[in-house]
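Data first, discussion second: the structure below is written as structure tokens.
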Amino acid sequence: MTRHAKHIFKLDPAKDIDDSSLGQIVKSGTDLILVSGTDNVTEENVSKLLRRIRKFDVSAALEISHPDAAVPGFNHYFIPTVINTDNVTFSHGMLVEALMEYHDFIDYDSVSLLPYIIMNQDCKAFKHAQCHAVEDEEFIAMIHMLDKLYKMDYIYIEYSGMFGDRGLVAEAYEAAEHASIVYGGGIVSEDTARRMDSVSDIMVVGNIIYDDVEQALETII
Ligand SMILES: CC(C)=CCC/C(C)=C/CC/C(C)=C/CC/C(C)=C/CC/C(C)=C/CC/C(C)=C/CC/C(C)=C/COP(=O)(O)OP(=O)(O)O
Ligand SMILES: O=P(O)(O)OC[C@@H](O)CO
Ligand SMILES: [Mg+2]
């Protein structure tokens with residue numbers, strides 16, 4: 001039997017989606033609905049989207065991009081930590097500050113750290129998190145560090161908005177012994193999904209949901 005990477009649809013609470021399209025996405029058979037975005041993510045728009053998702057019987061996770069938008073009621077929480085940032089605020093600074101305030105209230109079993117290596121220099125997240133461009137050698141060293149030393153459960157290779165370098169993603173997939181390789185960026189069709197399917201453990205599909213929902217559904221292979 002062919003092994004497939006797991007599939008995630010990433011819904012951005014700052015973007016509009018009509019009820020019919022949301023229903024199609026949520027009932028699509030994807031492995032997880034992940035709520036996440038870089039900017040304009042608020043408690044209000046996250047809560048509103050969660051209420052709409054909860055009309056369906058599916059698991060939903062929240063990627064907490066801002067402490068103020070950590071809405072309760074999700075099945076799981078992911079906290080991003082950006083590895084190729086030049087500003088510790090985005091690797092652990094915000095997190096340490098949040099833990100000083102919220103540690104007593106957190107159910108750590110429902111929270112996972114999600115380390116990001118952001119590769120697309122033109123994407124919003126790259127600029128927002130003050131990232132530096134990563135050469136191939138540094139990239140693979142980061143994979144080894146996260147996988148074998150930090151023993152992370154996940155490593156997110158983020159090409160948000162563009163289809164990534166498949167050869168490089170394949171190298172990371174082969175190098176990782178422990179971590180699941182999460183790939184995101186430019187998966188917009190069955191063909192692009194198939195190309196990353198064999199070199200990642202988990203594929204994330206985002207923007208195409210908002211551009212063409214039928215195309216988005218084709219990424220489930
Ligand atoms: C309920 C509960 C479990 C509470 C826990 C409380 C707690 C511990 C909260 C901590 C929260 C915390 C500290 C959050 C901050 C974590 C952090 C370092 C965030 C980095 C800030 C940030 C937004 C960086 C941007 C890069 C990034 C990793 C974004 C994630 C999403 C992403 C990459 C989206 C892709 O971009 P997109 O928005 O789709 O771009 P387009 O619109 O162009 O498509
Ligand atoms: O929006 P796209 O390009 O599908 O990328 C998905 C996800 O990796 C964004 O964080
Ligand atoms: Mg997006």
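Note that ligands are numbered from 1 as they come in the structure, with each ligand's atoms numbered from 1 the same way. Every heavy atom of this structure was used, including side-chain atoms; hydrogens, water molecules and symmetry mates were not.
Salt-bridge check for Asp191 with Arg195: passed, with a basic side-chain N closer than 4.0 Å to an acidic carboxylate O. Ion pairing between Asp19 and Arg52 holds under the 4.0 Å rule for side-chain N and carboxylate O. Of the charged side-chain nitrogens involved, none lies within less than 4.0 Å of a carboxylate oxygen, so that Glu44 and Lys48 do not count as a salt-bridged pair.
Annotation: Glu63 places no N or O atom under 3.5 Å from an N or O atom of ligand 1; distance criterion only. Annotation: Gly186 places an N or O atom under 3.5 Å from an N or O atom of ligand 2; distance criterion only. The shortest N/O to N/O separation between Lys10 and ligand 1 does not fall below 3.5 Å. Close N/O approach between Val204 and ligand 2 is not found [any backbone or side-chain N/O within under 3.5 Å].
In this structure, Lys15 counts as a contact residue of ligand 1, since one of its heavy atoms falls inside 4.0 Å of the ligand. Assignment of Asn207 to the shell around ligand 1 is supported, since a heavy atom sits closer than 4.0 Å. Heavy-atom distances between Gly161 and ligand 1 stay at or above 4.0 Å for every pair.
Heavy-atom proximity to Ser36, at under 4.0 Å, picks out these atoms of ligand 1: 31 (C). Counting atoms of ligand 2 from 1 in the listed order, those under 4.0 Å from a heavy atom of Ser160 are 3 (O), 5 (O), 9 (C). Close contacts of ligand 1 with Met94, meaning ligand atoms under 4.0 Å from a residue heavy atom, involve 13 (C), 15 (C). Annotation for ligand 2: atoms under 4.0 Å from non-hydrogen atoms of Gly184 are 8 (O). Atom numbering of ligand 2 starts at 1 in the shown order; those under 4.0 Å from a heavy atom of Lys10 are 9 (C), 10 (O). Shown in contact with Ala125 at under 4.0 Å from a heavy atom are these atoms of ligand 1, numbered in order with element: 26 (C), 33 (C). Heavy-atom proximity to Gly161, at under 4.0 Å, picks out these atoms of ligand 2: 2 (P), 3 (O). Ligand-side atoms of ligand 1 in range of Glu158: 33 (C), range being under 4.0 angstrom from any heavy atom. Heavy-atom contacts of Asn207 reach the following atoms of ligand 2: 1 (O), 2 (P), 4 (O) (cutoff under 4.0 Å).
Val35 places none of its side-chain heavy atoms less than 4.5 Å from the side chain of Lys10.
Looking only at heavy atoms of the protein, atom 20 (C) of ligand 1 is closest to Phe90 CD2, 3.9 Å.
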### Task
Run the numbers on Asp39 and Lys124 for salt bridge (charged side-chain N to carboxylate O under 4.0 Å, His left out), then give the verdict.
CA-CA 9 Å; Asp39 48 23; Lys124 236 192 256 171; 3.2 Å; yes
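Looking at Tyr156, Tyr159, Tyr116 and measuring to atom 7 (C) of ligand 2, the nearest heavy atom belongs to Tyr156.
Coordination check, Ser160 versus the Mg ion (ligand 3): failed, since every N/O/S atom of the residue sits at 2.8 Å or beyond.
A distance of 6.0 Å or more separates the ring centres of His103 and Phe105.
Residue-level proximity to ligand 1 for Thr38 is carried by backbone and side chain together, each with a heavy atom below 4.0 angstrom.
Using the six-membered ring where Trp is involved, Tyr183 and Tyr159 have ring planes that are tilted, between 30° and 60° apart.
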